[in-house]
Amino acid sequence: MKYTIAVIPGDGIGPEVTNQAKKALDAVAEVYDHIFLYKEAQMGSCAIDATGNPLPEKTIEICKKADAILFGAIGDPKYDNDPSLRIRPEQGLLRLRKELDLFSNINPVKAYDQLIKNSPLRREIIKGTDILIFRELTAGIYFGKKETSKDGKSAYDVCSYSVDEISRIAHLAFKASQSRKNKVTLIDKSNVLETSKLWRKTVTEIAKQYKNVELEHMYADNAAMKLILNPKKFDVILTENFIGDIISDEASVISGSIGLLASSSIGEDNALFAPVHGTFPEATGKDIANPLASILSAAMMLEHFGLEEEADAIKRAVEKSLDLNISTQDIKGKNKYPAATSKVGDFISDYILNQEDSNINFMNIHAGQSTII
Ligand code: IPM
Ligand code: MN
């Protein structure tokens, strides 16, 4: 099959890691006889530098025409110290979400056995964790009216939600839970916020259509605590935009490395796949960032195309790289001969192409150890 993929490398380590995902996709294309046609587009700080606009029209056009979007990361430290700047890189991503109506951010959090030792949480707490977070992405406080008063002494951000905006993502969450443990936890702040009350009422009503699914309610503050104390208790999490932003980052600690978490942002007609991590400015251009989250985003994209076997091939290669310890320094530690970003990408791609036959060769060649071939 032929697929057109809009590639938005973005800022910071975005381009480096996205290149590794493309290598993995190219290997899949070769083995499974597909054509992936990449259309590169700009967004974020690099787009502001080039055009003055964090989301040029051309990028929107390319994305709308593509079968899916592969995105890297967005942001630049030069914007961080001046919150008064009116044009900011992040606006590009927010506008793209709105423009393409990517209303559902789906974020799987799994504890990888090989990485549990890297988590600051104890093994017995996180082992076996498997959570799927559904974060609403195109409404709420992110997109409400916002203003700072003329004298700069007050400001507001309006949070609003409609029943329709809540319902469409709620249905996705309930449906997903049916092929999992049949449990949905709605996280809100309905003891305080009107929008949360609407979420609770709407989702409780929708739950009646999913009789085999248990709906649990949890306040956001309590959820933040439970997620760390007992993450195994969660199956599907459903929540609004701002709470979901925070909960997703918190949950990323559980996996043992944020460098492995991929997420998808899905709408009716479009879908974007990206690592959960950000631009990692300290690592930019050094070939040391972990490319696995980007590579796993590519696998999620293949699943979205219905190419399960192909996605599995990428996931198996990622598992193998972890088993063989062909990993970047965030996993392996600086002093233990970490592999470069590009080398991890080479290994994943070689493994997809050659499978088990050449394990030992890979290990020797790519880890830079003495070669016994
Ligand atoms: C995310 C990011 C974005 C968000 C930023 C870059 C605007 O943190 O995708 O979670 O807050 O949604
Ligand atoms: Mn975030």
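Atoms within a ligand are numbered from 1 in the order they appear, just like the ligands themselves. Each residue takes its place number in the sequence, starting with 1.
Among the backbone and side-chain atoms of D245, an N, O or S atom lies under 2.8 Å from the Mn ion (ligand 2).
A salt bridge links E194 and K197; the closest N-O separation between the charged side-chain nitrogens and carboxylate oxygens is under 4.0 Å. Residues K315 and E303 are paired through a salt bridge, judged by an N-O separation under 4.0 Å between the basic side chain and the carboxylate.
One option in L93, D245, V276 has a heavy atom closer to atom 10 (O) of ligand 1 than any other, and that option is D245. One option in Q91, R97, E90 has a heavy atom closer to atom 9 (O) of ligand 1 than any other, and that option is R97.
Some N or O of Y142 is nearer than 3.5 Å to an N or O of ligand 1, by distance alone.
In terms of heavy-atom proximity, K78 sits nearest to L85 at O-CD1, 4.5 Å.
Contacts between R135 and ligand 1, counted as non-hydrogen atom pairs separated by less than 4.0 Å, involve the side chain only.
A tilted orientation is assigned to the rings of Y3 and F36, their planes being inclined by 30° to 60°.
Checked by atom type and distance alone, the side chain of E136 pairs as donor or acceptor with a backbone atom of T138 at under 3.5 Å.
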